[in-house]
Amino acid sequence: MTFILPSGAIVPVPGFGTGTKWYKSGDPSIDRKVVDAVVSGLKVGYRHIDGAEVYGTEAEIGLAIKESGIPRDQIFVTGKILPKIANPRAAFEETLKLMQLDYLDLYLIHSPFFDEKSHGISIEKAWEILSELKGEGKVRDIGVSNFSVADLERLKDAKEKVAVNQIEFNPYLQNQTPGIVDYCQKNGIILEAYTPLGPLVPAAKGGPLDPVVNKLATKYGRDAGQIILKWVIQRGIIPITTSAKVERQKTNLDLDDFTLTSEEVEEIDQAGSKKHFRLYWADKYIP
């Protein structure tokens with residue numbers, strides 16, 4: 001399955017995330033574990049690196065790209081803005097500096113969860129500035145993350161359309177907010193899934209999905225993670241996953257030689273819908 005953005009850019013699948021596992025809070029020092037993991041990911045075949053200012057790993061991404069030796073134009077790089085949303089242009093320039101890049105492939109408003117009054121900027125104004133950056137060629141495509149239908153509706157009349165909405169999505173969370181998947185797919189907004197392997201974390205195991213995924217893993221000679229990642233892709237969504245382990249990095253990329261039937265996709269849909277499990281932004285959403 002090919003995912004193409006408004007600029008014509010093809011988004012490599014899956015993406016390699018640099019948050020959650022390596023999240024840094026106010027520590028400016030370089031974390032070699034992050035650099036080494038991203039370098040490893042690039043060398044085994046990832047070409048889509050997902051970053052954000054709030055992760056604190058932008059400098060590590062920049063070093064990893066340089067150390068990998070892979071040409072910049074062969075790597076799709078995403079950045080996100082949130083803590084410094086009051087001045088999107090300055091935040092963007094800082095991201096470029098930390099990543100040692102001349103442009104980003106994709107830049108997202110990380111969430112709608114900021115106080116517009118205290119920050120002195122609205123979602124609409126922030127979007128306008130991101131659109132200006134796109135017009136100047138500093139970023140190829142722009143989008144959002146964690147936006148609900150109501151949030152997206154605020155931007156429906158903007159000259160520059162939302163290209164991407166990155167949301168928490170997996171079989172146990174098939175709609176981060178009501179109707180969001182259908183809305184995005186009907187309106188040409190590409191969805192990206194963070195925490196696509198949520199059902200495999202210890203707190204979620206033992207649920208109704210396990211026997212279905214295990215059965216399919218046996219049938220296709222794959223592991224549970226590969227089955228779930230393939231399901232995400234066949235639902236028309238780009239998974240963003242991560243690992244510091246080389247073998248797991250390779251496994252998460254090895255998704256091309258099998259295809260779930262439509263009945264199997266539906267079986268995962270149904271089993272997953274019997275349980276609700278969310279890892280992030282729980283205080284912002286009502287189950």
Looking at [X] and [Y], what are the two nearest heavy atoms and their distance?
X	Y	value
Ala204	Lys275	O-NZ, 2.9 Å
Gln174	Gly272	NE2-C, 3.7 Å
Ala126	Ile109	CB-CD1, 4.1 Å
Lys230	Phe258	CE-O, 2.7 Å

Which Ile, Leu, Val, Met, Phe, Trp or Tyr residues join Leu98 in one cluster when any pair of side-chain heavy atoms under 4.5 Å counts as a link?
none
Which other residues belong to the hydrophobic cluster containing Ile4, where Ile, Leu, Val, Met, Phe, Trp and Tyr are joined when side-chain heavy atoms lie under 4.5 Å apart, directly or via other members?
Ile10
Please check this pair: side chain of Asn146 against backbone of His110, looking for a donor-acceptor N/O pair closer than 3.5 Å.
yes
Going by the side-chain contact (heavy atoms from CB on, under 4.5 Å) test, name the single residue among Ile227, Ile268, Val213, Asp269 that passes it with Pro171.
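Per the side-chain contact (heavy atoms from CB on, under 4.5 Å) rule, the option paired with Pro171 is Ile268, out of Ile227, Ile268, Val213, Asp269.
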Taking salt bridge (charged side-chain N to carboxylate O under 4.0 Å, His left out) as the test, write out the residues that go with Lys138, two or more places apart.
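Partners of Lys138 under the salt bridge (charged side-chain N to carboxylate O under 4.0 Å, His left out) test: Glu93, Glu136.
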Near [X] [atom1], under 6.0 Å, is it more than 12 heavy atoms from other residues, nucleotides or ligands?
X	atom1	answer
Asp115	CG	yes
Lys219	NZ	yes
Lys161	NZ	yes

Is there a path from Leu106 to Val139 through hydrophobic residues (I, L, V, M, F, W, Y) whose side chains come within less than 4.5 Å of each other?
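Cluster IDs for Leu106 and Val139 match.
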Do you reckon Val54 sits in the same ILVMFWY cluster as Ile30, going by side-chain contacts under 4.5 Å, direct or chained?
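As far as the 4.5 Å side-chain criterion goes, Ile30 and Val54 are not connected within one cluster.
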Does the side chain of Glu58 come under 3.5 Å of the side chain of Thr95 through a donor N or O and an acceptor N or O?
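Side chains of Glu58 and Thr95: pair found under 3.5 Å.
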Do Tyr183 and Glu153 get their side chains close enough for a donor-acceptor pair, meaning under 3.5 Å?
yes
Spatial distance of atom CE (Met99) from atom CD1 (Ile65) [nearest 0.5 Å]:
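The CE atom of Met99 sits 7.0 Å away from the CD1 atom of Ile65.
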Which is it for Asn170 and Trp231 under the side chain to side chain donor-acceptor pair (under 3.5 Å) test, yes or no, and what are the steps along the way?
CA-CA 9 Å; Asn170 59 64; Trp231 170 83; over 6 Å; no
Charged N-O contact under 4.0 Å between Glu94 and Lys84:
yes
